[in-house]
Amino acid sequence: MAFLLTGACLCGQVRFEIAEPPLWATYCHCTRCQRRTGTAAAVSAKLVPGSLKIVAGQELVRSFEPEDGFAKDFCGACGGALWSRDPADPEAKSVRLGVLDGDPGIRPSARQFTAYAAPWEPIPDDGLPRFAERRTG
Ligand SMILES: [Zn+2]
Ligand SMILES: [Zn+2]
């Protein structure tokens with residue numbers, strides 16, 4: 001059976017499909033993820049480039065594009081986070097796990113940017129490898 005994962009933003013107007021199993025998932029404790037989500041950490045899954053297709057609401061997708069680093073795409077109607085996007089390769093995306101409808105199969109396998117972790121929530125003692133900066137393995 002062909003792999004197919006679906007997802008949507010908070011208001012449901014942006015919908016998308018992922019046609020290949022995600023590669024891996026990572027908790028991110030960076031300051032930008034804290035700011036954009038209002039939480040201590042965000043979890044995203046690295047996708048096979050080109051495997052995500054928007055099926056509804058393309059015109060609603062907005063983006064925060066910092067001068068350094070990945071663009072953060074979100075729904076302009078509800079503000080819901082969708083995925084990050086490599087500015088050098090728009091097909092290279094990491095989807096936010098919370099926007100998926102079903103089970104992506106993979107589980108978060110590391111924590112990155114732990115040097116910037118929120119002071120008000122201890123990093124869970126879950127045995128996952130921790131990277132002070134960006135995940136490198
Ligand atoms: Zn929305
Ligand atoms: Zn982050």
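Remember, it's 1-based here, ligands and their atoms both numbered in the order they're listed.
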Give the total of protein N/O/S atoms at a distance below 2.8 Å from the Zn ion (ligand 1).
->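 With waters ignored, the protein N/O/S count below 2.8 Å is 4.
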
Should [X] and [Y] count as an ion pair when the cut-off is N to O under 4.0 Å?
X: Arg85; Y: Glu91; answer: no
X: Arg96; Y: Asp73; answer: no
X: Asp126; Y: Arg130; answer: no

Between Gln112 and Cys28, which heavy-atom pair has the shortest distance, and what is it?
->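 Nearest heavy atoms, Gln112 then Cys28: NE2-SG, 3.4 Å.
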
Residue pair Leu82 / Val95, side-chain heavy-atom distance below 4.5 Å |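 No. Closest side-chain heavy atoms not under 4.5 Å.
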
Which residue pairs satisfy the ring-ring contact (aromatic ring centres under 6.0 Å, His included) criterion with at least one member in residues 96-137, sequence neighbours excluded?
->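 Output for this query is empty, none listed.
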
Number of protein N/O/S atoms that sit closer than 2.8 Å to the Zn ion (ligand 2) =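 Of the protein's nitrogen, oxygen and sulfur atoms, 3 lie under 2.8 Å from the Zn ion (ligand 2).
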
I'd like a table of donor-acceptor pairs (distance under 3.5 Å, sequence neighbours excluded) in which one partner is a side-chain atom from residues 9-26, with atom names and distances.
| residue | atom | partner | partner atom | Å |
| --- | --- | --- | --- | --- |
| Thr26 | OG1 | Arg135 | NH1 | 2.7 |

Distance-only, no hydrogens or angles: does the Arg111 side chain make a donor-acceptor pair with backbone N or O of Pro108 under 3.5 Å?
->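 Checked: no pair found.
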
Look at the side chain of Lys72 and the backbone N and O of Phe70, then say whether any donor-acceptor pair between them is shorter than 3.5 Å.
->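 A pair under 3.5 Å: yes.
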
